[in-house]
Amino acid sequence: MIRLVMLLMFMLKTSVKNSIQKIARASWKRCVGLVTDFAYKYQYDLFFRTKTKVIALEFFLVATIFVAISVVFNYQYEGATRTLADAIERTLSLIDTNDLLVTALIFLGTTTLFGYIIAHIALKPTRDALASQKQFIGNVAHELRTPLSIIKTNIEVALLERRLDSKLRDTLLGNVDELDRTSDIINNLLSLNTLLNPERVEFSNVDLGVVVDAALAKLSVLAKQKNIILSVTRGEFLIVSGNSVALEQAAMNLIKNAIIYTPQQGGRVDVAIAPNYYGHIELRIHDTGMGISREDLFHVFEPFYRADRSRSRAHGGSGLGLTIVSELVKLHRGKITMQSTEKQGTTVVVSLPVGNVPQLITNNKKTDERVAIDFSDYKHPARSTKK
Ligand SMILES: Nc1ncnc2c1ncn2[C@@H]1O[C@H](COP(=O)(O)OP(=O)(O)O)[C@@H](O)[C@H]1O
Ligand SMILES: [Mg+2]
């Protein structure tokens, strides 16, 4: 009997010890992840930085007021003959260590709470303005779509006429191209509008590798036209919880930007997908392109913002791509960070919460496969057949 109890005790002890070890190991990884993520975010995540700034500023203000009040009190009650330095020294010597600790804790707690509330209130007008702006954009886009498609159909009907003069035909074909570009913009605007009603978007487990492959397949022609080398690196577990259409659009917009804003000849675009700590899958897109200035980097996620307008106009586009990407990432409860050095290149990192299908993950046998695609010899069937 005693032996049995001892055996049970021993088993209990071992299992408790094992679970503690397991938890410790997991927390240790988590801890390292949190610290490095904090440092990383502080360096590159602009949204994070602005909120932190508000809180830090508030900390500074409260601390200053706190010190000022106690010094003034001392100065008042301990005799006006003292010098200011004396008063500060006396204030500090009056407080004993325990009091100091408790005061510091209360101070930290209240200040953080106030900081958070103030940051929240301060940023509210900006959030509201952005929401109504999106609503307005969506309404306009919706109204423009019908007349545009009528114009396009009319032109296409006119093009069916065989006796059409060749110059006129070219002009009409040019118009159809421009209309296609305009409907691209309108579609982007409507996506923004859909994002205002996220409950309409369906979520499932999506293989991010497959989604990115689909986007890359559509962009390979563009990369070839610009002589840019596209490469893909994949990690092991790439199932995220999301909407495949939305994720493909996000990947398309980002990779397209990387290709468009990388000058011709010798440019590279490297795409990498891999899991990171704390249950997220990271999509990293690095280009060796023209980069974005520090000033512009703060604004590129705003609707219609385009860095260096004259240069950007030559590349087409509308300044909505990144706005949509950031909205899509937010919708997936993910994060996006952008790091850029002018004339050297840009790195965009999107991290998305992992999906929950273990059997799919174990079936995925592609481990660290590196695929480099060189499009330099590829002959693209020219669009000029249209013109
Ligand atoms: N990879 C990149 N390299 C350099 N500049 C970029 C990159 N991605 C985006 N940008 C800049 O950010 C701006 C906004 O991008 P985006 O919202 O996709 O709009 P668009 O591409 O339609 O201009 C672009 O006009 C461009 O100046
Ligand atoms: Mg773009």
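These numbers come from a predicted model, not from an experiment. Residues take their numbers from the sequence shown, with the count starting at 1.
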Is any side-chain heavy atom of R145 closer than 4.5 Å to a side-chain heavy atom of L148?
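With C-beta onward as the side chain, the pair stays apart.
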Find out whether V325 and N257 are in side-chain contact, i.e. whether some heavy atom of one side chain is under 4.5 Å from a heavy atom of the other.
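SC-SC contact between V325 and N257 ruled out.
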Electrostatic pair D180-K152, nearest N-O below 4.0 angstrom:
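Salt bridge: yes.
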Should the pair R234-D207 be classified as a salt bridge under the 4.0 Å nitrogen-to-oxygen rule?
no
Counting only heavy atoms not in E295 (residues, nucleotides, ligands), do more than 12 fall under 6.0 Å from its CD?
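Atom CD in E295 is not packed in, count stays at 12 or less.
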In terms of heavy-atom contacts, does CZ of F203 have more than 12 from other residues, nucleotides or ligands at under 6.0 Å?
yes
For a quick test of reading the model, state the closest non-hydrogen atom pair linking K256 to L219 and the distance between them.
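Heavy atoms only, the tightest pair is N-CD1, 3.8 Å.
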Smallest heavy-atom separation, T262 atom then I228 atom, equals O-CD1, 3.6 Å
Taking ring pair (Phe, Tyr, Trp, His ring centres under 6.0 Å) as the definition, give me every residue that meets it alongside F107, ordered by chain and number, with sequence neighbours left out.
F66
Could you check whether any side-chain N or O of [X] sits under 3.5 Å from a backbone N or O of [Y], counting only pairs where one atom can act as donor and the other as acceptor?
X: T323; Y: F301; result: yes
X: H332; Y: N243; result: yes
X: S340; Y: G291; result: no
X: D287; Y: G345; result: no
X: N253; Y: G321; result: yes

Sorted by chain and number, sequence neighbours left out, salt bridge (charged side-chain N to carboxylate O under 4.0 Å, His left out) with E248 holds for K218
Out of the candidates L352, V350, L328, V212, only one should pair with L247 under the side chain to side chain contact (heavy atoms under 4.5 Å, CB included) rule; please name it.
L352
Sole residue of L164, V157, D165 in side chain to side chain contact (heavy atoms under 4.5 Å, CB included) with E161
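Result: among L164, V157, D165, L164 is the only option passing the side chain to side chain contact (heavy atoms under 4.5 Å, CB included) with E161.
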If you round to the nearest 0.5 Å, how far is CG of L322 from CE of M338?
5.0 Å
Side chain to side chain contact (heavy atoms under 4.5 Å, CB included), that's the test. Do T112 and Y116 meet it? Break it down for me.
CA-CA 6 Å; T112 313; Y116 183 78; 5.7 Å; no
Linking I/L/V/M/F/W/Y whenever any side-chain heavy atoms sit under 4.5 Å apart, do L254 and V245 land together?
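Per the 4.5 Å side-chain linkage, L254 and V245 are not co-clustered.
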Check the pair D177, L173 against side chain to side chain contact (heavy atoms under 4.5 Å, CB included), reporting the backbone distance first and the verdict last.
CA-CA 6 Å; D177 271 357; L173 281 171; over 6 Å; no
Under the side chain to side chain contact (heavy atoms under 4.5 Å, CB included) rule, what do H280 and E282 come out as? Steps first, then yes or no, please.
CA-CA 6 Å; H280 279 68; E282 241 178 45; over 6 Å; no
Step-by-step side chain to side chain contact (heavy atoms under 4.5 Å, CB included) determination, K330 to I336:
CA-CA 8 Å; K330 238 187 265 168; I336 181 164; over 6 Å; no
